[in-house]
Amino acid sequence: MKYVTRKAMTIRESGRSSDYITPSFGFGCLYRCSYCYMRRHVPKGLTIANNPEDLLIAVEKHSEELPWPKVPNQTHDKYYTYDFSCNEDFVMHSKFHNWKLIFDYFKYHEKAMGTAATKHVSNHLLSYDADRKIRIRFSLMPQKMADIHEPNTSKIIDRIKAIDAFIDAGYNVHVNFSPVIVYDGWLEDYADLFIMLNNYVEYKSEVLAEVIFLTHNKNL
């Protein structure tokens, strides 16, 4: 892991998990998930932006041009959502970031909120009251597949048990069934996963979900 001065300030449209994607506060990942697209660009290692203020200024300039109030869509009924973790697992890497600076920016923003997907339970984030302006999206799959494809990530049951804890701490929490890998017995395994969610998550009405299937071609 090394710190760099990030120069690329492009804000990209997303339209899926978020409205927009911020410039990369981090680029790369310390996990080694088999399906990760980042490994095609950065086979190993991680760079962290040492100028997060500049990235937030870029987000601010972008958000100033957005009409207000927002027309509700699938990402949020009120706020514009910015994914600040697209090219890394920000939650897992948060100890390397000035994460409170970034969280505070979105917490107090009139128009915007931040969102990040993760495979890691970072309990130190529970000390922060996000006022529902930071969304944590826990990625989920059957544990036997996570053991193969997501080595050294937080156990699936620990991610599920963290959902209520993060909601209690003030976060907005979603789950990603991502990536869904089709194999013999996958429907039964996902049924068991849904039962686990039902058993351990109290705030069911607050937890929305998305589903992304793994795609493959012979060149991969």
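Every value quoted in this text rests on a predicted model; they were computed, and no experiment measured them.
- With contacts defined as side-chain heavy-atom distances shorter than 4.5 Å, the pair K144/Y183 qualifies.
- For the pair R159/T118, no side-chain contact is recorded, criterion being any heavy-atom separation below 4.5 Å from C-beta on.
- Considering only heavy atoms from C-beta on, T22 stays 4.5 Å or farther from L55 through its side chain.
- Between the side chain of E53 and the main chain of L101, no donor-acceptor pair closer than 3.5 Å is present.
- Listed by chain and number, the residues in a side-chain contact (heavy atoms from CB on, under 4.5 Å) with S94 are F90, W99, S122, H124, L125 (sequence neighbours excluded).
- Between the D19 side chain and the T81 main chain, a donor and an acceptor come within less than 3.5 Å of each other.
- E13 CD: 12 or fewer foreign heavy atoms inside a 6.0 Å radius.
- Put simply, CD1 on I136 and CD1 on I134 are 7.0 Å apart, with the number rounded to the nearest 0.5 Å.
- No continuous path of ILVMFWY side-chain contacts below 4.5 Å connects Y80 to I21, so the two sit in separate hydrophobic clusters.
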Under the side-chain contact (heavy atoms from CB on, under 4.5 Å) rule, what do Y79 and H76 come out as? Steps first, then yes or no, please. CA-CA 6 Å; Y79 298 114; H76 202 273; 3.4 Å; yes
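- With R137 contributing its side chain and V173 its backbone, the two residues share no donor-acceptor pair below 3.5 Å.
- From C29, atom SG reaches atom CG of N87 across 10.5 Å, with rounding to the nearest 0.5 Å.
- Hydrophobic cluster membership is shared by L140 and V182, with clusters built from Ile, Leu, Val, Met, Phe, Trp and Tyr side chains linked at under 4.5 angstrom.
- Side-chain atoms of N152 and R32, non-hydrogen and from C-beta on, never get closer than 4.5 Å to each other.
- Annotation: N199, atom CG; neighbour count of heavy atoms from other residues, nucleotides and ligands within 6.0 Å is above 12.
- In this structure, the side chain of N51 does not engage the main chain of D54 through any donor-acceptor pair within 3.5 Å.
- A centroid separation of 6.0 Å or more is found between the aromatic rings of H174 and F138.
- Distance check: L66 CG to K111 NZ gives 5.5 Å after rounding to the nearest 0.5 Å.
- Under the 4.5 Å side-chain criterion, counting only non-hydrogen atoms from C-beta, E88 is in contact with I48.
- The pair D164-K204 does not meet the salt-bridge criterion, since no charged nitrogen lies less than 4.0 angstrom from a carboxylate oxygen.
- When atom types are taken as modelled, the side chain of K70 and the backbone of P67 share no donor-acceptor pair closer than 3.5 angstrom.
- V59 places a side-chain heavy atom less than 4.5 Å from the side chain of P23.
- Under the 4.5 Å side-chain contact rule for hydrophobic residues, Y190 and I160 share a cluster.
- Cluster membership for V180 and M196, using ILVMFWY side-chain heavy atoms within less than 4.5 angstrom, is shared.
- For the pair T47 (side chain) and K2 (backbone), a donor-acceptor distance under 3.5 Å is absent.
- In terms of hydrophobic clustering, with Ile, Leu, Val, Met, Phe, Trp and Tyr side chains grouped at heavy-atom distances under 4.5 Å, V207 and I157 are assigned to a common cluster.
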Start with the C-alpha gap between D89 and V91, add the side-chain angles, then the distance that decides, and say whether side-chain contact (heavy atoms from CB on, under 4.5 Å) holds. CA-CA 6 Å; D89 189 323; V91 172; 3.8 Å; yes
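- To the nearest 0.5 Å, the span separating CE on M141 from CD1 on I148 amounts to 9.5 Å.
- Checking side-chain atoms of R135 against main-chain N and O of D83 turns up no donor-acceptor pair under 3.5 Å.
- Residues F213 and F177 keep their aromatic ring centres 6.0 Å or farther apart.
- A distance of 9.0 Å separates CG of L214 from OG of S178, quoted to the nearest 0.5 Å.
- Atom OH of Y200 is separated from atom CG of L197 by 11.0 Å, given to the nearest 0.5 angstrom.
- Remark: the backbone N or O of N176 is not paired with any side-chain donor or acceptor of E210 at under 3.5 angstrom.
- Atom NZ of K7 is surrounded by 12 or fewer heavy atoms from other residues, nucleotides or ligands within 6.0 Å.
- Between Y105 and H109, the two ring planes are perpendicular [angle over 60°; tilted spans 30° to 60°].
- Y171 contributes no side-chain N or O that, together with a main-chain N or O of D129, makes up a donor-acceptor pair within less than 3.5 Å.
- Remark: C33 pairs with Y31, Y35, C36, K119, E150, T153 by the side-chain contact (heavy atoms from CB on, under 4.5 Å) rule, at least two apart or across chains.
- Annotation: side chain of N73 is not in contact with side chain of V71 (no heavy-atom distance under 4.5 Å).
- Of the possible polar contacts, none joining the K133 side chain to the M113 backbone as a donor-acceptor pair under 3.5 Å is found.
- Classified by interplanar angle (parallel below 30°, tilted 30° to 60°, perpendicular above 60°), the ring pair H97/F25 is perpendicular.
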